[in-house]
Amino acid sequence: MAPPVIGIEQNKLLLNNFAEDLISWHKKNGRHNLPWQIKISPYKVWISEIMLQQTQVKTVLPYYKEFLIKYPNIKSLSNSKLDDLLELWTGLGYYRRAENIYKTSQILKNKYNYIFPKKYEDILDLPGIGKSTAGAILSIAYNKKYPILDGNVKRVIKRYFAIKGINDNENNLWNISESLLPANNNNIFTQSIMDLGALVCVKKNPLCNECPLNKKCKSLKLKLTDKIPEKKQKLVKKHVNLYLLLIQKYESEKFVLMKKNPSDGIWANLWNLPSFNGVNEYKKFLLSNNISGTSSQYDYIEHNLSHLKLKIDIIKVELKKCTEVDNYCWKNIYDKIGSSKPIMMIIDKLKREQK
DNA sequence: AACACGTGGAG
DNA sequence: TCTCCAAGTGT
């Protein structure tokens with residue numbers, strides 16, 4: 001059963017003045033002082049757009065500021081190491097984004113001579129940049145006529161045209177987003193439609209009486225604003241048991257046995273404690289590495305990811321002698337490292353106890 | 001075409 | 001506390 005398609009032809013009336021109304025609203029009511037909006041450059045738009053993927057503005061702000069201080073431009077970024085980026089990214093989540101920024105920085109250095117490309121295809125080719133981020137860079141930084149389709153724009157479009165269905169007819173939404181673009185001022189327009197979604201056309205209790213589009217908004221007319229967009233059915237999280245071993249160096253409790261995660265899976269490339277899926281697995285690890293010592297439950301953490309519920313037992317092993325373990329190393333807990341939230345929590349607890 | 005990928009804001 | 005989901009992308 002096909003979702004109800006909004007014929008753009010039939011809704012031409014709805015498109016009249018759409019962009020103009022939005023832009024004039026934005027002038028007085030939009031956000032104009034976010035750090036990536038000051039002295040706009042493709043570099044700033046790129047970094048901010050990556051950070052803002054599935055992440056709220058408030059959360060991004062401190063990370064973005066630190067990033068721009070450490071890496072004010074493409075050249076300085078291209079001299080960074082992935083580990084440095086991951087350390088900065090720690091706590092922000094979706095760590096693949098940091099890896100993709102790193103990869104892109106190397107491409108900008110080697111292929112584009114430190115100059116951010118201007119062609120849609122070139123930009124879309126860069127790791128971590130999809131259609132929406134490419135559209136944002138092209139419109140906001142270069143004032144070119146390209147659409148975006150982020151959460152805000154989806155919500156505005158679905159409400160304005162009263163589009164039902166949870167199965168985003170993506171192509172149709174992209175077409176509609178493109179059809180809304182004005183002839184000029186696409187930089188401002190993109191900001192405007194995002195701001196409308198973020199400030200007025202919010203998901204719960206939208207402020208329709210303040211909306212510049214309320215005269216023609218179809219779902220407002222049909223009293224459907226609280227039903228559109230329709231809720232997706234929630235996914236059932238898989239429960240996963242995890243055992244992390246907390247092993248401090250015999251000579252100094254400042255050092256903890258750690259290993260960097262592989263470059264796929266959760267927390268890719270981040271530092272991790274010895275991690276196992278079962279008791280037998282970690283006991284086998286201790287045995288095969290000739291690690292003896294009393295083991296005891298140190299902590300228990302439940303950590304929710306968007307798709308998993310992690311139940312993490314932290315087992316502390318008290319060493320009785322000096323030890324080295326293949327593929328692991330002793331990390332100073334006072335060094336800054338890229339790590340996941342649970343690892344951060346464990347290290348923080350350790351530091352508190354050592355004081 | 002679903003699913004993996006993190007964390008925290010907000011009600 | 002619980003639930004939803006945020007300036008999405010890659011596979």
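In what follows, chains carry the letters A, B, and so on, assigned in the order in which the sequence lines appear, proteins first and then strands, with residues in each chain numbered from 1. The analysis underlying the following values was restricted to heavy atoms, covering all of them including side chains, and did not include hydrogens, waters or symmetry mates. Predicted, not measured: the structure shown is a model, and the values here were computed from it.
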Among [options], the one nearest [X] by side-chain distance:
X      : options              : answer
A:N152 : B:dG9, C:dA7, B:dG6  : C:dA7
A:K58  : B:dG9, B:dG6, C:dA7  : B:dG9
A:R31  : C:dT9, C:dA7, B:dG6  : C:dA7
A:K231 : B:dG8, C:dA7, C:dC5  : C:dC5
A:D150 : C:dT9, C:dC5, C:dA7  : C:dA7
A:W36  : B:dC5, B:dT7, C:dA7  : C:dA7
A:P342 : B:dG8, B:dC5, B:dT7  : B:dT7
A:K204 : C:dA6, B:dG11, C:dG8 : B:dG11

Given the [atom1] atoms of [N] and [M], what is the spacing between them in whole Å?
N     : M      : atom1 : answer
C:dA7 : B:dC3  : P     : 24 Å
B:dG8 : C:dT9  : P     : 22 Å
B:dA1 : C:dG10 : C1'   : 13 Å
B:dT7 : C:dT11 : C1'   : 22 Å
B:dG6 : C:dA6  : C1'   : 12 Å

Does a nitrogen or oxygen in the side chain of [X] sit under 4.0 Å from OP1 or OP2 of [N]?
X      : N     : answer
A:R155 : C:dA6 : yes
A:H303 : B:dG6 : no
A:Y63  : B:dT7 : no
A:H307 : B:dA4 : no
A:W267 : B:dT7 : yes

A:S132 (side chain) and C:dG8 (base): donor-acceptor pair under 3.5 Å | no
Side-chain donor/acceptor contact of A:S340 with base of B:dG6 under 3.5 Å = no
Contact class for [X] (heavy atom, under 4.0 Å): base, sugar-phosphate, or nothing?
X      : answer
A:L305 : base
A:T133 : sugar-phosphate
A:S306 : base
A:G197 : nothing

Over 12 foreign heavy atoms within 6.0 Å of NZ, A:K283 | no
State whether the number of non-hydrogen atoms from other residues, nucleotides or ligands found under 6.0 Å of A:K237 atom NZ is greater than 12.
->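 Enclosed: over 12 neighbouring heavy atoms sit under 6.0 Å from NZ of A:K237.
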Hey, which of these two, A:G91 or A:N205, hits DNA chain B nearer its 5' end, going by closest nucleotide?
->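 Looking at DNA chain B, the more 5' nearest nucleotide goes with A:G91.
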Assign each of A:D264 and A:K203 to its nearest nucleotide of DNA chain B by heavy atoms, then name whichever residue's nucleotide is nearer the 5' end.
-> A:D264
Between [atom2] on [N] and [atom1] on [X], what's the gap in Å once rounded to a whole number?
X      : N      : atom1 : atom2 : answer
A:L92  : B:dT7  : CG    : P     : 9 Å
A:R96  : C:dT9  : CZ    : P     : 15 Å
A:K237 : B:dC5  : NZ    : C1'   : 12 Å
A:I137 : C:dT9  : CD1   : C1'   : 13 Å
A:M51  : C:dG8  : CE    : C1'   : 15 Å
A:E302 : C:dT1  : CD    : C1'   : 13 Å
A:N304 : B:dC5  : CG    : C1'   : 14 Å
A:Q54  : C:dG10 : CD    : P     : 13 Å

Flag, side chain of A:R155 to backbone of A:P229, donor-acceptor distance under 3.5 Å | no
Ion pair check, A:D21 and A:K216, cut-off under 4.0 Å = no
Will you find, in the side chains of A:N79 and A:S76, an N or O donor that is under 3.5 Å from an N or O acceptor?
->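 On atom types as modelled, these side chains do not qualify, holding no pair under 3.5 Å.
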A:K260: which of A:N327, A:N272, A:D83 passes side chain to side chain donor-acceptor pair (under 3.5 Å) |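 Filter result, single survivor: A:D83.
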Relative to the 5' end of DNA chain C, which residue comes earlier, A:A198 or A:P127, by the nucleotide with the nearest heavy atom?
-> A:A198
Tell me whether the guanidinium CZ or amine NZ of A:K144 lies under 6.0 angstrom from the six-membered ring centre of A:Y120 and within 45° of its axis.
-> no
Answer with yes or no after comparing the ring centroid distance for A:F285 and A:Y243 against a 6.0 Å cut-off, counting only values under it.
-> no
